[in-house]
Engineer: 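Take a look at the following structure, please.
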There are 2 protein chains.
Amino acid sequence: MSKVSPVKGTRDFYPEQMAIRNWILDGWKASSIRNGFLEYDGPIFEHLQLFTQKSGEGIASELFSFTDRGDRAMAIRPEMTPTLARMVNQQINALPRPIKWFSMPRCCRAEKPQKGRLREFFQWNVDIIGPESVLADAECIFTAVDYLRSVGLKPDDIQCKLSSRKMLALLLEDQGFSEDELEPLYVLLDKRPKLSDAAFSELLEKTVPDAAKREKMMAIQALKSVDEIDELATGDAAKESVAELRELFNFLDSMGIGQYCTFDISIVRGLAYYTGPVFEIHDMKGSLRAVCGGGRYDNLLAGLGGQKVTGTGFGMGDVVLEILLTERGLLDVKTQNMDFFIIDADKERFEDVLKLTFQLRSRGYSASFSYKRAAIGKQFKQATTQNARFSIIIEPDFPENSNINIKNLADGSQHQYFLEEFLADPTIAMN
Amino acid sequence: MSKVSPVKGTRDFYPEQMAIRNWILDGWKASSIRNGFLEYDGPIFEHLQLFTQKSGEGIASELFSFTDRGDRAMAIRPEMTPTLARMVNQQINALPRPIKWFSMPRCCRAEKPQKGRLREFFQWNVDIIGPESVLADAECIFTAVDYLRSVGLKPDDIQCKLSSRKMLALLLEDQGFSEDELEPLYVLLDKRPKLSDAAFSELLEKTVPDAAKREKMMAIQALKSVDEIDELATGDAAKESVAELRELFNFLDSMGIGQYCTFDISIVRGLAYYTGPVFEIHDMKGSLRAVCGGGRYDNLLAGLGGQKVTGTGFGMGDVVLEILLTERGLLDVKTQNMDFFIIDADKERFEDVLKLTFQLRSRGYSASFSYKRAAIGKQFKQATTQNARFSIIIEPDFPENSNINIKNLADGSQHQYFLEEFLADPTIAMN
């Protein structure tokens with residue numbers, strides 16, 4: 001029979017790659033938990049309608065969709081938010097508020113594989129549903145930064161660029177933009193960093209045909225600080241939205257991550273459902289896609305058949321993150337760690353090796369041995385490959401001589417113990 | 001917009017269910033690691049051909065299959081073994097032997113949901129590839145039993161029922177069965193427990209039309225011990241296969257799990273690829289499907305285009321396991337655990353609550369607070385709901401009085417610390 005190849009844009013996680021994936025996901029999880037989020041998950045496939053209802057039929061071409069035996073249309077999830085909204089809507093009256101949830105779903109998109117974008121990936125999702133205060137936005141941003149900081153990224157490596165859709169909308173409406181004009185403008189502004197200036201100008205002329213309005217919009221996009229915006233803002237609502245953004249920055253300061261956060265009016269996010277603060281975390285040295293993006297959504301749950309409850313959250317994918325951490329030399333992952341590696345000094349002692357190995361495993365210690373009867377040196381080499389902390393040698397005269405020889409492979413120190421004494425409490429050998 | 005319902009036969013993992021799933025998968029992982037297995041994973045979908053090549057076109061109806069944009073046929077994985085075989089075949093000359101790998105894949109099958117069988121599930125896969133010794137079979141069985149024992153299941157709760165396909169084949173061939181007749185017979189014997197006696201007899205007559213051979217086969221199926229088989233076995237090969245099975249039982253004894261293991265000639269497994277020892281772990285008190293099943297496969301890798309390398313392994317699904325552990329009252333899972341819950345005795349102190357919370361989180365402790373300014377009693381209740389170990393009260397006269405009050409919520413003991421003293425080393429309050 002012929003060999004079948006793996007699918008392009010997917011990944012095989014051999015133990016070495018799996019250790020990296022686990023290291024990333026364990027870090028996401030630890031940050032989520034210390035920040036008070038509860039883990040949830042949904043199925044990997046949903047009724048197709050759940051995705052098209054939120055994002056329009058256009059999304060169908062980006063989905064892996066199929067029918068079940070009953071001919072119902074299904075799709076593998078391309079993102080977590082529709083499932084989150086469905087699950088929250090189903091239980092909205094039973095769930096204690098605020099709903100602080102995280103998930104690390106595997107998602108699939110039917111797109112052309114390229115750097116930083118695969119057809120299958122993992123995405124850390126963190127959401128707070130219920131509170132209207134920007135404290136919730138700040139807590140989500142803190143959680144993302146808390147993780148990135150914990151793996152060694154400094155403020156000159158990454159910056160969380162923040163703005164507010166509500167504020168931008170009010171500023172643009174002050175300048176004569178109608179609500180209908182905003183959504184296509186957001187999509188275009190979101191794409192801007194990937195476009196040449198000429199291409200952007202051309203698309204902008206199509207999106208905003210009125211030259212005077214275009215100029216006003218570009219003047220707003222040129223503002224560099226919240227103070228400049230405050231000067232420009234006229235209406236009460238606009239003033240209030242600026243005050244809200246200031247409050248968000250104050251929270252981020254008192255949380256101790258002010259240095260990681262910058263105001264950036266060009267951040268708008270492409271998705272239609274954002275209504276308040278929006279943010280992206282960017283690599284400051286390279287040209288990677290955003291590591292993380294999110295914001296507040298006031299109407300998403302109601303839009304999927306639920307009550308009007310606000311929420312805020314972000315997604316962080318593993319693919320760009322892994323590239324960034326690799327480039328910075330911050331991946332520090334071991335494939336295997338073993339407490340004990342048990343060695344026979346004579347192949348006649350192999351049965352004793354096995355017994356001791358399984359006694360240690362039964363007591364909860366990780367223990368290993370060589371399947372092949374080989375010279376002691378080769379067995380030691382295997383112990384090192386498996387990152388064993390200690391080797392244990394069973395001597396040829398065991399059990400007449402019931403001592404075992406335990407070596408600390410980090411510092412080379414050796415001690416002898418009676419087997420029974422060691423087995424009664426293996427930690428005596430582990431200091 | 002209308003509410004979209006979840007897909008039947010899939011599960012929503014709200015935090016409470018997610019905690020159970022994590023508890024199960026964390027246990028699988030811990031047992032795998034202490035037994036020296038390395039984790040791997042593959043993509044959730046593969047080329048459809050990978051699955052049909054191993055199991056025949058018939059399997060296609062049990063798969064969720066779809067096409068990608070290039071019109072290539074894909075399917076969501078219904079099991080892990082084809083991916084394992086593909087990955088091992090791709091790197092067979094580079095991988096250090098023995099290959100001792102585990103995985104905990106999410107798998108999907110297009111079947112009718114029923115008790116213990118869903119359309120989406122997690123399956124613990126443990127495999128050793130390379131060694132021909134039944135030591136590898138024993139090590140896999142030990143790993144499964146080691147996990148089940150670690151969650152509290154005793155030998156009268158579960159038994160690993162063991163036989164050998166090789167041995168059964170040789171016994172049947174001694175009695176005049178041809179090799180071609182064996183595979184349909186295995187499929188039927190595997191189904192026997194789910195069939196009435198009448199239905200089994202009827203199907204058996206179709207599968208083995210010769211009445212004399214049927215009787216011989218049933219006589220073999222009635223044998224209760226390895227000794228009885230040894231008496232019946234005539235040829236050298238058959239004798240050898242019996243000796244191998246004895247060796248396997250000897251290994252299981254010296255590993256300390258003999259009490260969990262029984263010879264049972266009715267265990268044959270339904271899948272075509274098994275060639276040696278086969279086993280299933282069964283609940284002894286109930287009527288559940290097998291908790292776990294596996295065995296040795298000599299030809300699987302070659303059958304998928306690789307070299308002839310033998311392997312042995314098992315799969316354990318989460319669905320039957322969770323039912324069993326729930327029935328036995330062995331699920332012991334908390335949804336959330338928190339180090340500190342910080343409370344303001346006066347809402348004017350909320351900013352101090354926030355500061356302390358985020359300082360603790362920044363130091364790696366899990367810490368939480370109430371989003372709503374509420375009476376102290378209500379905040380304490382929230383601390384208890386979140387299984388906080390300690391509450392910290394910020395008094396109304398903070399920071400003039402810079403003491404904080406830390407209460408151990410398990411035993412009610414309280415201590416006061418200067419804030420700075422506590423922050424310098426929070427563990428002083430945690431004993």
Side-chain angles (χ1 to χ4, degrees), chain A residues 1-4 6-7 10-15 18 22 33-36 38-47 49-50 53 64-66 68-69 74 86-87 89 91 98 106 108 110 120 131 142 146 254-256 303-305 335-336 338 351 354-355 358 361-362 364-368 371, chain B residues 1-4 6-7 10-15 18 22 33-36 38-47 49-50 53 64-66 68-69 74 86-87 89 91 98 106 108 110 120 131 142 146 254-256 303-305 335-336 338 351 354-355 358 361-362 364-368 371:
Chain A
M1 294 219 180
S2 68
K3 274 195 194 183
V4 179
V7 177
T10 67
R11 287 172 288 179
D12 286 339
F13 294 91
Y14 286 88
M18 190 70 199
N22 278 337
I33 287 172
R34 68 178 171 261
N35 285 287
L38 295 174
E39 191 171 2
Y40 73 99
D41 191 10
I44 190 124
F45 62 94
E46 298 266 7
H47 291 292
Q49 195 200 347
L50 183 72
Q53 186 163 286
F64 290 117
S65 55
F66 54 92
D68 73 355
R69 288 209 226 177
M74 309 279 175
R86 176 179 65 68
M87 286 175 62
N89 280 344
Q91 302 268 339
R106 187 194 282 261
C108 299
E120 187 190 42
F142 179 87
D146 184 34
S254 61
M255 289 173 180
L304 287 169
T335 307
Q336 190 167 29
M338 194 57 65
E351 210 186 309
L354 281 185
K355 262 199 185 144
F358 286 87
R361 292 178 180 178
S362 296
Y365 299 93
S366 54
S368 191
Y371 257 78
Chain B
M1 294 222 179
S2 67
K3 276 195 193 184
V4 179
V7 176
T10 68
R11 288 171 289 178
D12 286 339
F13 294 91
Y14 284 88
M18 189 71 200
N22 279 336
I33 288 173
R34 69 178 168 260
N35 285 288
L38 295 174
E39 191 172 1
Y40 73 101
D41 192 11
I44 189 121
F45 62 94
E46 297 266 8
H47 289 293
Q49 195 200 347
L50 182 72
Q53 187 164 287
F64 289 117
S65 56
F66 54 93
D68 73 353
R69 289 208 226 176
M74 309 278 173
R86 176 179 65 68
M87 286 176 61
N89 280 344
Q91 302 268 338
R106 188 195 283 261
C108 298
E120 186 191 41
F142 178 87
D146 185 34
S254 61
M255 290 174 180
L304 288 168
T335 307
Q336 190 166 28
M338 193 57 65
E351 213 186 305
L354 282 187
K355 265 200 184 139
F358 286 87
R361 291 179 182 177
S362 295
Y365 299 94
S366 55
S368 190
Y371 257 77

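These numbers come from the heavy atoms of this one structure, side chains and all, not from hydrogens, waters or symmetry mates. Proteins come first, then strands; the chains are lettered A, B, ... in the order of their sequence lines, and each starts at number 1.
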Engineer: Tell me, side chain or backbone of A/D146 under 4.5 Å from chain B's heavy atoms, or both, or neither?
Structural biologist: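 For A/D146, the contact with chain B is made by the side chain alone.
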Engineer: So which residue, B/P6, B/G36, B/G42, B/S362, ends up with the most heavy-atom pairs under 4.5 Å with chain A?
Structural biologist: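 Looking at each option in turn, the highest pair count goes to B/P6.
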Engineer: Please identify, among A/N22, A/I33, A/L354, the residue contributing the most non-hydrogen atom pairs under 4.5 Å to chain B.
Structural biologist: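 Option with the top pair count is A/N22.
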Engineer: Does the pair A/V4 and B/E46 meet the rule for a side-chain contact (heavy atoms from CB on, under 4.5 Å), with working shown?
Structural biologist: CA-CA 9 Å; A/V4 179; B/E46 297 266 8; 5.8 Å; no
Engineer: Does the A/R69 side chain pair with the main chain of B/A110, one donor and one acceptor, at a distance under 3.5 Å?
Structural biologist: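 Yes, A/R69 side chain to B/A110 backbone: donor-acceptor pair under 3.5 Å.
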Engineer: Side chain, backbone, both or neither: which part of A/I44 has a heavy atom under 4.5 Å from chain B?
Structural biologist: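 Both backbone and side chain.
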Engineer: Let's test your reading of the structure: which of A/N35, A/D68, A/N89, A/T335 forms the most heavy-atom pairs below 4.5 Å with chain B?
Structural biologist: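 It is A/N35.
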Engineer: At a 4.5 Å cut-off on heavy atoms, which part of A/E39 comes close to chain B: side chain, backbone, both, or neither?
Structural biologist: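 For A/E39, the contact with chain B is made by backbone and side chain together.
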Engineer: Most heavy-atom pairs under 4.5 angstrom with chain A, which of B/Q336, B/K355, B/R11, B/M255?
Structural biologist: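 The candidate making the most pairs under 4.5 Å is B/M255.
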Engineer: Of the backbone (N, CA, C, O) and the side chain (C-beta and beyond), which part of A/M338 lies under 4.5 Å from a heavy atom of chain B, both, or neither?
Structural biologist: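 Side chain only.
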Engineer: Around atom CD of A/Q91, are there more than 12 heavy atoms of other residues, nucleotides or ligands at under 6.0 Å?
Structural biologist: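 Yes, the 6.0 Å shell around CD holds more than 12 heavy atoms from other groups.
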Engineer: Side chain, backbone, both or neither: which part of A/R106 has a heavy atom under 4.5 Å from chain B?
Structural biologist: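 For A/R106, the side chain is the part near chain B, not the backbone.
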Engineer: To the nearest 0.5 Å, how far apart are CZ in B/F45 and CD in A/E120?
Structural biologist: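 Atom-to-atom, B/F45:CZ and A/E120:CD are 6.0 Å apart.
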Engineer: What is the ring orientation for A/F142 with B/F358, classed by angle as parallel under 30°, tilted 30 to 60°, or perpendicular over 60°?
Structural biologist: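 Correct class here is perpendicular.
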Engineer: Please state whether the side chain, the backbone, both or neither of A/P98 comes within less than 4.5 Å of a heavy atom of chain B.
Structural biologist: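 Side chain only.
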Engineer: Determine yes or no for a side-chain-to-main-chain donor-acceptor pair under 3.5 angstrom, with A/Y40 supplying the side chain and B/D12 the backbone.
Structural biologist: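 Answer holds: no.
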